[in-house]
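Note that the numbering runs from 1 along the sequence shown for the chain.
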Amino acid sequence: MRLKLLYWLLPIMWMVVIFISSATPYENQDVKPLLSGLDLRFLSPYLSWIEFTYHSSIVSVKTLGIEGFIEFFIRKSAHVGVFFVLTCLFFISFIKNTQWKRSKIYIWSITLTALYAVADELHQEITPNRTPYVGDVILDILGGSLALIVIAMIFQITKKV
């Protein structure tokens, strides 16, 4: 029984990692200085046509520079990846600790992920130089949804083998 409950430490520890990351002011997470050490100018002609608005700001090579543009995508990909992992960890915890049908585990895994995504953005409200944004919650839920799709595909593939 104790071993089964230890599986809950996995998502809890991952949520602590997310919390610490969200508690870090933006300037302490800025990867542009690292990117500026690379000569990324060759990418500009290929990416300069991309321009869109995100959280009331124009995202483009022209407005952010090539380093800022790439950093934007790194940061947003991190949302998807981090919450992909969280959903997987919730799923594993439910599989190991319940006898629920997989469909119920999918629902609870994405629900807890979504709730934590909202809590994470609310936490950023009180973090210096960070702002909450519903678009980031959507990216977080997208990451969790992708995790469930991958998990479902793995179950389909292994069932046929």
Side-chain angles (χ1 to χ4, degrees), residues 1-24 26 29-31 34-35 40 43 46-47 49-61 64 68-127 130-161:
M1 181 66 171
R2 279 188 187 162
L3 181 60
K4 283 184 165 193
L5 289 176
L6 287 176
Y7 282 101
W8 283 107
L9 284 178
L10 298 172
I12 290 168
M13 290 185 326
W14 194 245
M15 288 186 291
V16 168
V17 168
I18 295 169
F19 182 87
I20 291 167
S21 177
S22 289
T24 306
Y26 171 78
Q29 294 181 339
D30 189 1
V31 296
L34 294 172
L35 293 173
L40 300 172
L43 293 172
Y46 302 105
L47 302 175
W49 63 273
I50 302 170
E51 181 175 307
F52 57 93
T53 302
Y54 191 85
H55 196 56
S56 304
S57 297
I58 301 290
V59 177
S60 70
V61 172
L64 300 175
F69 186 76
I70 291 172
E71 181 200 36
F72 173 84
F73 284 99
I74 290 170
R75 293 174 73 81
K76 298 310 164 188
S77 297
H79 275 273
V80 174
V82 164
F83 283 85
F84 180 103
V85 171
L86 181 60
T87 302
C88 290
L89 295 176
F90 278 134
F91 188 87
I92 291 166
S93 297
F94 282 120
I95 285 284
K96 296 294 186 178
N97 285 286
T98 71
Q99 298 299 312
W100 293 349
K101 289 184 178 183
R102 230 178 306 134
S103 58
K104 186 173 182 177
I105 294 173
Y106 289 138
I107 291 167
W108 275 101
S109 295
I110 196 65
T111 299
L112 290 178
T113 297
L115 289 171
Y116 194 73
V118 169
D120 178 54
E121 289 303 310
L122 292 174
H123 172 236
Q124 288 186 33
E125 177 78 48
I126 60 170
T127 301
R130 299 294 294 267
T131 55
Y133 182 53
V134 70
D136 289 343
V137 173
I138 291 167
L139 289 173
D140 299 339
I141 294 170
L142 173 66
S145 299
L146 289 173
L148 294 181
I149 290 168
V150 169
I151 290 167
M153 289 172 60
I154 291 169
F155 274 104
Q156 274 301 114
I157 291 167
T158 57
K159 186 171 99 175
K160 290 181 182 178
V161 176

Would you compute the distance between atom OG of Ser93 and atom CD1 of Ile12 and round it to the nearest 0.5 angstrom? 8.0 Å

Check ring pair (Phe, Tyr, Trp, His ring centres under 6.0 Å) between Phe84 and all other residues, then give those that pass, not counting sequence neighbours. none

In this structure, OG1 of Thr98 is separated from NZ of Lys96 (nearest 0.5 Å) by 11.5 Å

Can you tell me if Tyr54 uses its side chain to pair, donor with acceptor, with the backbone of Val59 under 3.5 Å? no

Looking at OG of Ser21 and CD of Gln124, how far apart are the two atoms once the value is rounded to the nearest 0.5 Å? 8.0 Å

Parallel, tilted or perpendicular, as decided by the 30° and 60° cut-offs, for the rings of Trp108 and Trp100: tilted

For Glu71, all residues meeting salt bridge (charged side-chain N to carboxylate O under 4.0 Å, His left out), sequence neighbours excluded: Lys32

Could you state the interatomic distance from OG (Ser145) to CD1 (Ile138), rounded to the nearest 0.5 Å? 11.0 Å

Between Phe72 and Phe52, ring centroids under 6.0 Å: yes

I want to check something: taking the side chain as every heavy atom from C-beta on, are Phe69 and Leu43 in contact at a cut-off of under 4.5 Å? no

In terms of ring plane angle, is the pair Phe83 and His79 parallel, tilted or perpendicular, where the classes change at 30° and 60°? parallel

So do the side chains of Leu5 and Asn97 get within less than 4.5 Å of each other, counting heavy atoms only? yes

ring-ring contact (aromatic ring centres under 6.0 Å, His included) for Tyr7 and Phe94? Distances and angles first, verdict last. CA-CA 9 Å; Tyr7 282 101; Phe94 282 120; over 10 Å; no

Scanning both residues in full, the closest heavy-atom pair of Leu86 with Pro11 reads CD1-O, 3.8 Å

Mind telling me whether Phe90 and Trp8 have parallel, tilted or perpendicular rings, with 30° and 60° as the class edges? tilted

Trp14 vs Leu10 side-chain heavy atoms within contact, under 4.5 Å: no

Taking the side chain as every heavy atom from C-beta outward, state whether Ile151 and Cys88 have any pair of such atoms under 4.5 Å apart. yes

Inter-residue atom distance Ile105.CD1 - Ile110.CD1, 0.5 Å rounding: 14.0 Å

Heavy-atom closest contact (Leu139 atom, Val80 atom, distance): O-CG2, 3.7 Å

Report yes if the side chains of Glu121 and Val134 come closer than 4.5 Å at any heavy-atom pair, otherwise no. no

Under a 4.5 Å cut-off applied to non-hydrogen side-chain atoms, are Thr131 and His55 in contact? yes

Is the number of heavy atoms from other residues, nucleotides or ligands under 6.0 Å of Phe19 CZ greater than 12? no

If you round to the nearest 0.5 Å, how far is CZ of Phe155 from CZ of Arg102? 4.5 Å

Salt bridge (charged side-chain N to carboxylate O under 4.0 Å, His left out) pairs, two or more places apart, involving residues 130-141: Lys76-Asp136

Any Val150 side-chain heavy atom under 4.5 Å of Ile154 side chain: yes

